[in-house]
Student: 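Take a look at this one; I'll ask things after.
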Amino acid sequence: MAFSSLRDLLTRSLRTAGIDRQVRAAQAVDAFGAVVAQHLGAPAAAQAQAVHLRDGVLTVRCASSAMAQELRLREPKLLATLNERAGGGVDRLHFIQG
């Protein structure tokens, strides 16, 4: 079995171990702050925190309803960047206050 890259080897190994979805979910949660900072700046990123990814829905805790609305307006661009960084799997954002 030939692998064209280390990425292919890791992807196949994670899939074989049955943890590829969990790893992608963790990558999406981890990358969310950097994606928000890239699009809206560090102060905005400090007001929103990814909680978990389930069934393609990334739950985000926001400090205010205004921040949730701002993120909702930018959701298509945020999702595109997030999926690029995390390898896909995020279909939409769900906001909670807290």
Side-chain angles (χ1 to χ4, degrees):
M1 174 181 342
F3 297 103
S4 59
S5 69
L6 180 58
R7 176 180 225 130
D8 289 343
L9 175 62
L10 289 173
T11 300
R12 288 183 186 184
S13 297
L14 293 172
R15 190 177 306 127
T16 300
I19 59 170
D20 55 324
R21 285 190 300 169
Q22 293 92 330
V23 170
R24 277 197 317 272
Q27 289 172 325
V29 168
D30 186 54
F32 183 76
V35 170
V36 173
Q38 175 184 339
H39 288 274
L40 297 166
Q47 295 183 45
Q49 177 186 14
V51 179
H52 56 75
L53 176 67
R54 288 193 184 121
D55 299 325
V57 179
L58 182 66
T59 299
V60 177
R61 180 176 291 117
C62 294
S64 68
S65 59
M67 177 51 62
Q69 183 62 25
E70 183 66 32
L71 295 174
R72 194 173 285 115
L73 291 171
R74 296 175 187 254
E75 186 171 352
K77 287 185 179 183
L78 293 171
L79 287 175
T81 305
L82 186 59
N83 281 315
E84 185 178 302
R85 285 188 182 205
V90 184
D91 301 323
R92 69 182 188 89
L93 302 176
H94 172 74
F95 302 100
I96 59 174
Q97 200 116 17

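FYI, the numbering just counts along the sequence from 1.
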Student: List the atom of R85, the atom of A34, and the distance in Å for their closest heavy-atom pair.
Tutor: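 Closest approach of R85 to A34, heavy atoms only: NH1-CB, 3.1 Å.
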Student: Linking directly or through intermediates, with side-chain heavy atoms under 4.5 Å: list the remaining ILVMFWY members grouped with L40, chain and number order.
Tutor: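 L40 clusters with V29, F32, V35, V36, L53, L58, V60, M67, L71, L78, L79, L82, V90, L93, F95.
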Student: When Ile, Leu, Val, Met, Phe, Trp and Tyr are grouped by side-chain heavy atoms lying under 4.5 Å apart, directly or through other members, which residues fall in the same group as L73?
Tutor: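 None, because no other hydrophobic side chain comes under 4.5 Å of this residue.
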Student: Provide the closest heavy-atom pair for Q47 versus S64 in the form atom of the first, atom of the second, distance.
Tutor: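 The pair with the smallest heavy-atom distance is OE1-OG, 4.1 Å.
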Student: Verify whether one side chain among Q69 and R72 offers a donor that lies under 3.5 Å from an acceptor in the other.
Tutor: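 Present: a donor and an acceptor within the cut-off.
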Student: List the atom of G33, the atom of A45, and the distance in Å for their closest heavy-atom pair.
Tutor: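 Closest pair (atom of G33, atom of A45, distance): O-CB, 3.5 Å.
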Student: Kindly compute the distance separating NE2 (H94) from CZ (R61), expressed to the nearest 0.5 Å.
Tutor: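 It comes to 11.0 Å.
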Student: Quick one: side-chain hydrogen bond (donor to acceptor under 3.5 Å, both in side chains) partners of E75, sequence neighbours excluded?
Tutor: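 For E75, no residue satisfies side-chain hydrogen bond (donor to acceptor under 3.5 Å, both in side chains) once neighbours in sequence are set aside.
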Student: Could you measure the distance from the CD atom of Q38 to the OG1 atom of T81? Nearest 0.5 Å is fine.
Tutor: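 One finds 5.0 Å between CD of Q38 and OG1 of T81.
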